[in-house]
Amino acid sequence: MRSNLRQVLATVVVMSVTGGLLTLSVSTASAVTKPAKYADDFNGDGYRDYAVGNLNGGVVVTYGTAAGLGTTKTFTQSSAGIPGTPGDAGGYADAFGEDLAVADLNRDGYADLAVSDSSEKVGSKVGAGAVTILWGRASGLSGTDAVRLKATARSRQGFGKQIETGDFNGDGRADLAVADGIDSVYVYRGGFTKSGTTGAVTKHTPSPSVTDVLEPTGLVAGKVTKDSATDLFLLGQGYHKGKMTQDAWFLRGGSTIKPGKVTVLDGSQPDYSPTGVVADFNKDGYGDLAVSDVRYGKNAGSVVVWRGGSTAPTTTYRLTQSSPGVATGTTSNDCFGSSLSTGDTNADGYPDLAVGVPGEKVGTQTNAGGVHVLRGGKSGLTGTNSQWFTRATTAVPGSPTKYDTFGSLVRLRDIDRDGDQDLLVSSNYDSPSVLLPGSRSGITTTGAKEISLAAGFPQ
């Protein structure tokens with residue numbers, strides 16, 4: 001899943017975005033060499049790197065090394081070579097870094113970074129939006145030769161609201177999917193070049209027979225069926241029979257991307273900043289979508305799982321803090337599901353799910369926050385044998401405090417490279433995060449420590 005900037009527990013102001021559709025200018029480019037081993041190894045040294053957007057119009061890149069986390073570098077629109085103007089953009093707050101996606105787009109052996117800014121003023125077009133690509137090299141990412149995706153700007157289009165990479169046509173080359181702020185997603189095919197050319201571009205908008213409206217609020221990529229192509233989910237604010245809903249629209253990857261069905265995740269109200277991941281939680285060979293529904297139950301929150309199938313997703317089920325085995329009870333404004341991340345935390349072969357709960361009351365401290373780790377298994381994702389961590393948990397650094405919102409950001413990743421999935425938990429993008437080490441039996445607090453890396457990098 002993508003790294004989407006969320007302000008948990010903040011008042012959400014929704015702006016209605018209208019305007020014409022983008023006209024895209026593309027050309028075909030050829031593949032170059034063998035792609036990078038890791039989709040986020042920007043300097044090709046064999047260690048995964050970390051790119052995190054922040055709320056100040058910038059992206060912080062931390063490089064991985066043999067000794068652990070290495071140097072950091074910050075990119076903004078003031079950095080040499082990066083197009084655009086930092087700060088206020090025609091009445092919209094600067095959102096450079098609002099979403100990130102990683103892949104070796106030009107197949108030169110170095111991972112590249114796509115950076116979105118749906119607020120960007122392009123020419124005279126306010127809020128047109130833009131996606132900028134920073135190219136990897138032996139010295140790491142640089143803004144020197146950064147390019148924007150080619151698109152004809154339209155005012156208030158919000159192009160780049162969400163972005164994801166994947167091999168959506170199964171040809172072995174990385175593609176880039178870009179959602180706008182109105183109703184569509186665009187897929188740029190690989191052959192990317194540093195001059196800014198790409199392969200063909202296709203536009204996808206849900207049919208009125210599926211939903212009256214689907215205003216994009218999230219984008220999730222992953223393999224749902226058993227073919228070689230990456231599939232795509234467009235999350236959004238739906239509208240059915242005069243009622244606003246939270247929907248997910250499935251697009252099946254292949255030589256031709258096939259629009260699929262829309263499922264209603266929440267029939268009473270939309271989640272304007274959902275997050276989601278794809279993983280095969282029951283190991284049946286089909287990827288399942290796990291997606292947040294934070295508004296569920298007076299903002300108590302939930303996670304909806306849409307099971308994968310041979311040609312499309314099938315049935316759904318919902319997990320809350322009232323599900324059997326989950327350590328805490330359901331109360332309003334907990335925001336269960338505000339951040340999600342997947343990985344096999346106990347080496348049993350089944351993916352698990354880390355679920356942030358930033359609004360959870362811990363002791364007497366309101367909105368202190370915490371994180372659950374739910375287990376995958378033959379029956380799918382459940383609360384059985386799940387784990388629960390807060391700053392009150394023994395050996396976790398710090399103490400629970402009011403409005404800390406611990407769990408606003410969560411990521412599962414083998415950060416110490418010992419073969420086990422570690423859990424990184426953040427309260428925000430600026431304060432130290434807590435690293436909980438992995439083990440063969442699950443996440444542990446033994447050796448837990450604070451580190452400067454925020455848990456907002458791409459999955």
Side-chain angles (χ1 to χ4, degrees), residues 1-2 21-24 26 28 101 103 105 114 131 149 151 159-180 182-192 198-240 245-265 274 276-281 284-291 304-316:
M1 183 210 136
R2 58 188 178 78
L21 297 175
L22 294 172
T23 301
L24 302 175
V26 301
T28 301
L105 293 171
V131 176
L149 288 183
F159 183 72
K161 188 68 177 176
Q162 296 87 25
I163 56 177
E164 282 281 357
T165 54
D167 183 7
F168 300 113
N169 62 351
D171 68 353
R173 298 185 295 183
D175 309 314
L176 179 61
V178 181
D180 64 20
I182 298 178
D183 60 3
S184 299
V185 58
Y186 305 82
V187 177
Y188 287 72
R189 305 288 191 185
F192 293 80
T198 74
V201 178
T202 53
K203 175 187 173 184
H204 307 274
T205 306
S207 166
S209 64
V210 175
T211 177
D212 296 334
V213 176
L214 185 62
E215 182 177 329
T217 55
L219 200 58
V220 186
K223 290 189 176 182
V224 175
T225 64
K226 291 183 179 180
D227 59 26
S228 60
T230 306
D231 303 305
L232 196 62
F233 291 93
L234 181 63
L235 311 178
Q237 174 187 309
Y239 195 75
H240 300 269
T245 59
Q246 181 186 350
D247 293 358
W249 180 38
F250 176 68
L251 295 94
R252 184 177 181 180
S255 56
T256 300
I257 294 177
K258 298 179 180 179
K261 60 183 177 180
V262 166
T263 192
V264 176
L265 302 171
V277 295
V278 172
D280 185 5
F281 295 112
D284 65 353
Y286 305 114
D288 312 310
L289 171 69
V291 61
V304 177
V305 180
W306 195 5
R307 296 180 179 92
S310 59
T311 59
T314 57
T315 57
T316 64

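All heavy atoms count here, side chains included; hydrogens, waters and symmetry mates do not.
Taking each heavy atom of Thr165 and Ala221 in turn, the nearest pair found is O-CB, 3.8 Å. Pairing each heavy atom of Leu234 with each of Ala179, the nearest pair is CD1-CB, 4.0 Å. Between Lys203 and Ser184, the shortest heavy-atom contact is CE-OG, 3.4 Å. Scanning both residues, Val131 and Ala114, for their nearest heavy atoms gives CG1-CB, 4.3 Å. Ala177 approaches Val185 most closely through the heavy-atom pair CB-CG2, 4.3 Å. Taking both residues in full, the closest heavy atoms of Ala290 and Phe281 are given as CB-CE1, 3.9 Å, listed atom of the first, atom of the second, then distance.
Atoms OG1 and CD1, from Thr230 and Ile257 in turn, are 10.0 Å apart once rounded to the nearest 0.5 Å. The CG atom of Asp247 sits 13.0 Å away from the CZ atom of Phe233 when rounded to the nearest 0.5 Å. Here the straight-line distance linking atom NE2 of His204 with atom CG of Asp183 works out to 13.0 Å at 0.5 Å rounding. The CG atom of Asp280 sits 12.5 Å away from atom NZ of Lys223, with the distance rounded to the nearest 0.5 Å. Taking CD1 from Ile182 and OG1 from Thr205, the interatomic distance works out to 10.0 Å, rounded to the nearest 0.5 Å.
In this structure, Asp231 contributes its side chain and Arg252 its backbone to no donor-acceptor pair below 3.5 Å. With hydrogens and angles ignored, the 3.5 Å screen pairs a side-chain donor or acceptor of Asp167 with a backbone N or O of Gly172. With hydrogens and angles ignored, the 3.5 Å screen pairs no side-chain donor or acceptor of Glu164 with any backbone N or O of Ala101. Without hydrogens or angle criteria, Lys161 side chain to Leu219 main chain gives no donor-acceptor distance under 3.5 Å.
No more than 12 heavy atoms of other residues, nucleotides or ligands shown are found within 6.0 angstrom of NZ on Lys258.
Leu235 is not listed as a side-chain neighbour of Gln162, based on a closest heavy-atom distance of 4.5 Å or more. In this structure, Phe192 and Leu176 have side chains that are in contact, with non-hydrogen atoms separated by less than 4.5 Å. No side-chain heavy atom of Val305 sits under 4.5 Å from any side-chain heavy atom of Leu289. Within the 4.5 Å cutoff, the side chain of Val178 has heavy atoms near those of the Ile163 side chain. A heavy-atom distance below 4.5 Å is not found between the side chains of Phe168 and Leu251.
Of the N and O atoms on the side chains of Arg307 and Thr314, not one donor lies less than 3.5 Å from an acceptor on the other residue.
Between Trp306 and Phe250, the angle of the ring planes goes over 60°, which puts this pair in the perpendicular group of the 30/60° scheme.
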